[in-house]
Amino acid sequence: MVAQNIFFFAIAAVIVYSGLRVVTSANVVHAALHLVVVLASVAAQYVLLAAEFVAATQVLVYIGAIIVLFLFGIMLTRAKLGRDQDLTHKHWMGGAATALALFAVMVYALIDEFGWTRTPLPADPRIASVNGSNTATVSDAVFSTYLVPFEVVSVLLLAALVGAIVLARKD
Amino acid sequence: MDDLLLNQFLLLGAVLFCIGVYGVIARRNAVLVLMSIELILNAVTINLVAFGAFHGSVAGSVFALFVIAIAAAEVGVGLAIVLLIYRNRGSVDLDDMAEMKG
């Protein structure tokens with residue numbers, strides 16, 4: 001068992017525990033703070049997959065911006081800050097059954113298709129990317145091959161910004 | 001060093017996805033449903049980055065970045081809608097919103 005595997009399973013355990021706390025916690029603010037742990041651990045998995053630019057973006061955008069939006073949303077909708085028993089449906093068993101059935105299907109499909117396929121990870125990140133770092137390769141791809149999707153995403157962000165302001169402002 | 005399986009990342013994504021699906025179905029507070037959607041989007045991003053590493057291609061990382069950007073837009077608009085609902089009705093309980101029921 002290599003070091004990367006040990007780290008993978010440690011981080012994966014944190015992700016699963018905190019993810020479950022996000023969907024079961026009786027306190028809205030605790031759920032948001034557990035979401036921070038999930039997002040940071042997912043960023044750690046990206047580092048394990050040698051995608052350090054995605055990891056940095058995850059920390060900046062998700063933990064830096066989206067969580068703050070969530071906390072503002074919690075504050076502005078005046079959710080109870082203490083424990084609240086009303087956060088989960090009475091019929092949560094149906095949701096659990098749906099999720100478990102979905103999980104069973106996905107596990108079957110994944111094991112059947114990919115079995116013991118290995119991920120060819122770079123032994124040394126400095127050797128792995130011949131054309132400089134992974135970040136340089138990603139930026140080259142974004143500004144050449146994927147230039148049109150990139151521009152579309154920027155227009156989408158502008159539209160979302162305008163839409164959010166129009167929706168949320170008081171007339 | 002070459003010992004990570006593709007499947008361990010995909011299965012982690014599957015677990016996270018199912019946790020998110022459970023949250024979307026079982027939660028009553030609209031903000032918590034949006035948080036569960038973030039879990040689902042993160043599961044998708046893990047899969048994209050894992051397949052990118054598997055194929056030795058940068059496309060996985062690029063589309064992961066697009067997913068993160070779209071998630072930011074989605075949360076912005078989603079929370080604006082939740083705020084509007086709260087302002088009009090004084091509650092973000094999803095069980096109270098049944099106007100479309102026939």
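Throughout, protein chains are lettered first and strands after them, A, B, ... in sequence-line order, and every chain is numbered starting at 1. Note that the structure is a prediction, hence the values are computed from the model and not measured. We use all heavy atoms of the structure for the numbers below, so side chains are in, but hydrogens, waters and symmetry mates are not.
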(message) What part of B:Leu10 gets within 4.5 angstrom of chain A, counting heavy atoms only: side chain, backbone, both, or neither?
(response) both
(message) Which atoms of B:Leu32 are under 4.5 Å from chain A, going by heavy atoms: the side chain, the backbone, both sets, or neither?
(response) side chain
(request) Mind ranking B:Leu16, B:Ile70, B:Val62 by heavy-atom pairs under 4.5 Å with chain A and telling me who comes out on top? (result) B:Val62
(message) Are A:Ile67 and A:Tyr62 packed together at the side-chain level, in the sense that at least one heavy-atom pair is separated by less than 4.5 angstrom?
(response) no
(request) Find out whether A:Ile111 and B:Leu11 are in side-chain contact, i.e. whether some heavy atom of one side chain is under 4.5 Å from a heavy atom of the other. (result) yes
(message) For B:Ala30, which atoms come within 4.5 Å of any heavy atom of chain A: side chain, backbone, both, or neither?
(response) neither
(request) Give the member of A:Thr57, A:Thr24, A:Val107 that has the highest number of heavy-atom pairs under 4.5 Å with chain B. (result) A:Thr24
(message) To the closest 0.5 Å, what do you measure between CG (A:Leu20) and NE2 (A:His34)?
(response) 10.5 Å
(message) Counting only non-hydrogen atoms closer than 4.5 Å, does B:Val92 touch chain A with its backbone (N, CA, C, O), its side chain (CB onward), both, or neither?
(response) side chain
(request) Under 4.5 Å heavy-atom distance to chain B, tell me which part of A:Ala31 shows up: side chain, backbone, both or neither. (result) both
(message) If I measure from the heavy atoms of chain B, does A:Ala32 come under 4.5 Å with its side chain, its backbone, both, or neither?
(response) both
(request) For residues A:Val14 and A:Val37, determine if any side-chain heavy atom of one lies less than 4.5 Å from a side-chain heavy atom of the other. (result) yes
(request) Find the one option among B:Val33, B:Val82, B:Leu94, B:Val58 whose heavy-atom pairs under 4.5 Å with chain A are most numerous. (result) B:Val58
(request) Check whether the ring centres of B:Phe9 and B:Phe51 lie less than 6.0 Å apart, and answer yes or no. (result) no
(request) Pick one of side chain, backbone, both or neither for A:Phe103, based on which atoms fall under 4.5 Å of a heavy atom in chain B. (result) both
(message) Any side-chain to backbone donor/acceptor pair from B:Arg27 onto A:His89? Under 3.5 Å, distance only.
(response) no
(message) Run the ring-ring contact (aromatic ring centres under 6.0 Å, His included) test against A:Phe53 and tell me which residues pass, sequence neighbours left out.
(response) none
(message) Below 4.5 Å, heavy-atom pairs only: which of B:Gly13, B:Gly90, B:Gly78, B:Ser61 has the largest tally toward chain A?
(response) B:Ser61
(message) Need one label for A:Val42: side chain, backbone, both or neither, based on atoms under 4.5 Å from any heavy atom in chain B.
(response) side chain
(message) What part of A:Val61 gets within 4.5 angstrom of chain B, counting heavy atoms only: side chain, backbone, both, or neither?
(response) side chain
(message) If I measure from the heavy atoms of chain B, does A:Leu35 come under 4.5 Å with its side chain, its backbone, both, or neither?
(response) side chain
(message) Quick check on B:Thr45 against chain A: is it the side chain, the backbone, both or neither that has a heavy atom closer than 4.5 Å?
(response) both
(message) Quick check on A:Phe70 against chain B: is it the side chain, the backbone, both or neither that has a heavy atom closer than 4.5 Å?
(response) both
(request) Answer with side chain, backbone, both or neither: which region of A:Val38 has an atom nearer than 4.5 Å to a non-hydrogen atom of chain B? (result) side chain
(request) Using non-hydrogen atoms and a 4.5 Å limit, figure out which bit of B:Ala59 sits close to chain A: side chain, backbone, both or neither. (result) both
(message) Under 4.5 Å from any heavy atom of chain A, what part of B:Leu34 do you find: side chain, backbone, both or neither?
(response) both
(message) Taking side chain as everything from C-beta outward and backbone as N, CA, C, O, which of these in A:Phe150 sits under 4.5 Å from a heavy atom of chain B? Side chain, backbone, both or neither.
(response) both
(request) Heavy atoms only: give me the nearest B:Tyr22-A:Ala96 pair and the separation to one decimal. (result) CD1-N, 3.4 Å
(message) Need one label for A:Thr145: side chain, backbone, both or neither, based on atoms under 4.5 Å from any heavy atom in chain B.
(response) neither
(request) Would you confirm whether A:Ser139, through its side chain, and A:Ala136, through its main-chain N or O, come within 3.5 Å as a donor-acceptor pair? (result) yes
(request) Quick one: which of B:Val24, B:Val21, B:Leu65 has the most heavy-atom pairs under 4.5 Å with chain A, could you say? (result) B:Leu65
(request) Examine distances only and state if a side-chain atom of B:Arg87 and a backbone atom of A:Thr77 form a donor-acceptor pair shorter than 3.5 Å. (result) no
(request) Could you check which of B:Leu79, B:Ile25, B:Asn42 has the highest count of heavy-atom pairs closer than 4.5 Å to chain A? (result) B:Asn42
(request) Pick one of side chain, backbone, both or neither for A:Glu113, based on which atoms fall under 4.5 Å of a heavy atom in chain B. (result) neither
(message) Which atoms of A:Leu100 are under 4.5 Å from chain B, going by heavy atoms: the side chain, the backbone, both sets, or neither?
(response) neither
(request) Would you indicate whether the side-chain heavy atoms of A:Ile74 and B:Met35 approach each other to under 4.5 Å? (result) yes
(request) Against chain B, label A:Val153 side chain, backbone, both or neither, depending on which of its atoms sit under 4.5 Å from a heavy atom there. (result) side chain
(request) Using non-hydrogen atoms and a 4.5 Å limit, figure out which bit of B:Asp95 sits close to chain A: side chain, backbone, both or neither. (result) side chain
(message) Tell me whether A:Gln58 contacts the main-chain N or O of A:Ala40 through its side chain, where contact means a donor paired with an acceptor under 3.5 Å.
(response) no
